[in-house]
Structures are given as C-alpha cells and as structure tokens.
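Atoms considered below: every heavy atom in the structure, side chains included; atoms not considered: hydrogens, waters and symmetry mates.
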Amino acid sequence: EVQLVESGGGLVQAGGSLRLSCAAYGFTLDEYSIGWFRQAPGKEREGVSCINSAGDGSSYYRDSVKGRFTISSDNAKNTVYLQMNSLKPEDTAVYYCAASRGQLYTDRPMGFWEYDYWGQGTQVTVSS
C-alpha cells in the first residue's frame with residue numbers, strides 16, 4: 001500500500017526553522033518524485049518545492065521560499081526533507097507532501113495534477 005507520512009510541523013516564531021519529513025511507504029524514491037505543497041486557510045493550494053528523485057535529483061522552489069527552504073532526499077531512508085529557515089508568518093499553512101510517478105520537470109511551477117499520492121498534511125504555524 002502506498003503511503004506518505006509527513007512530520008515535523010509545529011509552532012515557531014518568525015525567523016525560526018523547522019524541518020519537515022515525508023516518509024514514503026509502498027514505493028521507492030527511485031520510482032517516484034516528491035513535491036511539497038501548502039494550503040493556508042482561505043487560500044488555494046500552492047506548490048512549494050519538489051525534487052526529481054526518480055531522475056536527476058534537480059529541484060524547484062517557488063520564488064517566495066528561494067534561499068530559505070531546501071529540499072533533499074535520502075533514498076536509503078526513502079524520505080524527503082524540507083528544511084525551512086527564516087520562517088515568516090506568511091509561511092503558515094498545512095504542508096502536504098505528494099508523490100508523482102517517474103520524473104518531474106523542475107524548471108517550471110508545480111501542478112497538483114502531476115501527483116498521484118498525497119500525505120495527510122502537517123501544520124506549520126509561524127508567529128510574528
């Protein structure tokens with residue numbers, strides 16, 4: 001059974017850091033690439049970052065998180081991480097990881113329709 005389990009969310013002050021984890025079960029990161037999305041109350045889901053773990057390992061970041069967030073994968077642990085530094089109140093959202101079979105294009109914005117499986121989400125709250 002395919003399953004994605006996120007962890008690492010929480011409450012942090014502005015300027016702080018969190019590391020989100022996305023553990024994959026039922027498939028390997030050689031087969032699927034992983035993306036992180038977020039959704040704030042009253043707003044649409046947006047793509048944050050993705051990694052082409054089934055391909056060349058390249059990554060994508062939305063402009064608002066460039067230089068602050070870093071995505072990485074540990075294929076031995078079948079886990080993808082999202083290191084979030086210099087957090088801002090506008091980063092507050094539920095963060096979801098998602099898996100896309102095969103390779104991902106990392107030279108353009110993410111589309112939620114490209115993903116086959118989704119985790120349950122983890123809440124990130126940044127206080128000002």
Check: Ser33 side chain, Gly102 main-chain N or O, donor-acceptor pair, under 3.5 Å
yes
Before giving the answer on side chain to side chain contact (heavy atoms under 4.5 Å, CB included), spell out for Met84 and Asp91 the whole-Å C-alpha distance, their side-chain angles and the decisive distance to 0.1 Å.
CA-CA 9 Å; Met84 306 187 296; Asp91 295 317; over 6 Å; no
State plainly whether one hydrophobic cluster holds both Val94 and Val12, where clusters connect Ile, Leu, Val, Met, Phe, Trp and Tyr through side-chain heavy atoms under 4.5 angstrom apart.
no
With sequence neighbours excluded, give me every ring pair (Phe, Tyr, Trp, His ring centres under 6.0 Å) pair touching residues 61-87.
none
Mind jotting down which residue pairs meet the ring pair (Phe, Tyr, Trp, His ring centres under 6.0 Å) criterion with at least one end in residues 34-54? Sequence neighbours excluded, please.
Phe37-Tyr115, Phe37-Trp118
Look up atom SG in Cys97 and atom CD in Gln120, then write down how far apart they are to the nearest 0.5 Å.
7.5 Å
Connected via hydrophobic side-chain network under 4.5 Å: Tyr60 and Val48:
no
Is it the case that the side chain of Asn78 and the backbone of Leu29 share a donor-acceptor pair, with hydrogens and angles ignored and the cut-off at 3.5 Å?
yes
How long is the gap from CG on Leu104 to OG on Ser58, to the nearest 0.5 Å?
8.5 Å
Any side-chain to backbone donor/acceptor pair from Ser100 onto Glu114? Under 3.5 Å, distance only.
yes
Tightest non-hydrogen contact, residues Asn85 and Ser17, listed as OD1-OG, 2.9 Å
Report yes if the side chains of Phe27 and Leu4 come closer than 4.5 Å at any heavy-atom pair, otherwise no.
yes
Quick one: do Met110 and Tyr95 end up in the same hydrophobic cluster if we chain Ile, Leu, Val, Met, Phe, Trp and Tyr together by side-chain heavy atoms under 4.5 Å apart?
no
Closer than 3.5 angstrom, by distance alone: can the side chain of Glu6 be matched with the main-chain N or O of Gly121 as a donor-acceptor pair?
yes
Could you go through Tyr32 and Asp116, starting from their C-alpha distance and side-chain angles, then the distance that decides it, and tell me whether this counts as side chain to side chain contact (heavy atoms under 4.5 Å, CB included)?
CA-CA 9 Å; Tyr32 284 76; Asp116 304 293; 4.1 Å; yes
Taking the side chain as every heavy atom from C-beta outward, state whether Thr92 and Gln123 have any atom pair closer than 4.5 Å.
yes
Taking atom CZ of Arg38 and atom OG of Ser64, what is their separation to the nearest 0.5 Å?
4.5 Å
Would a hydrophobic clustering, with Ile, Leu, Val, Met, Phe, Trp and Tyr connected at side-chain separations under 4.5 Å, put Tyr96 with Val124?
no
Closest heavy-atom contact between Thr79 and Ser21?
CG2-CB, 4.2 Å
May I ask you to test the Ile34-Ser73 pair for a side-chain heavy-atom distance under 4.5 Å?
no
Does any part of the side chain of Arg62, heavy atoms only, come nearer than 4.5 Å to the side chain of Pro109, both counted from C-beta?
no
Atom OG in Ser128, atom NZ in Lys88: separation rounded to 0.5 Å?
14.0 Å
Within 6.0 angstrom of Arg101 CZ, more than 12 heavy atoms from elsewhere
no
Test item: Thr106 and Cys50 side chains (from C-beta on) under 4.5 Å apart, heavy atoms
yes
Between Asn52 (side chain only) and Tyr105 (backbone N and O only), is there a donor and an acceptor less than 3.5 Å apart?
no
Could you tell me whether the side chain of Val80 reaches within less than 4.5 Å of the side chain of Ile71, counting heavy atoms only?
yes
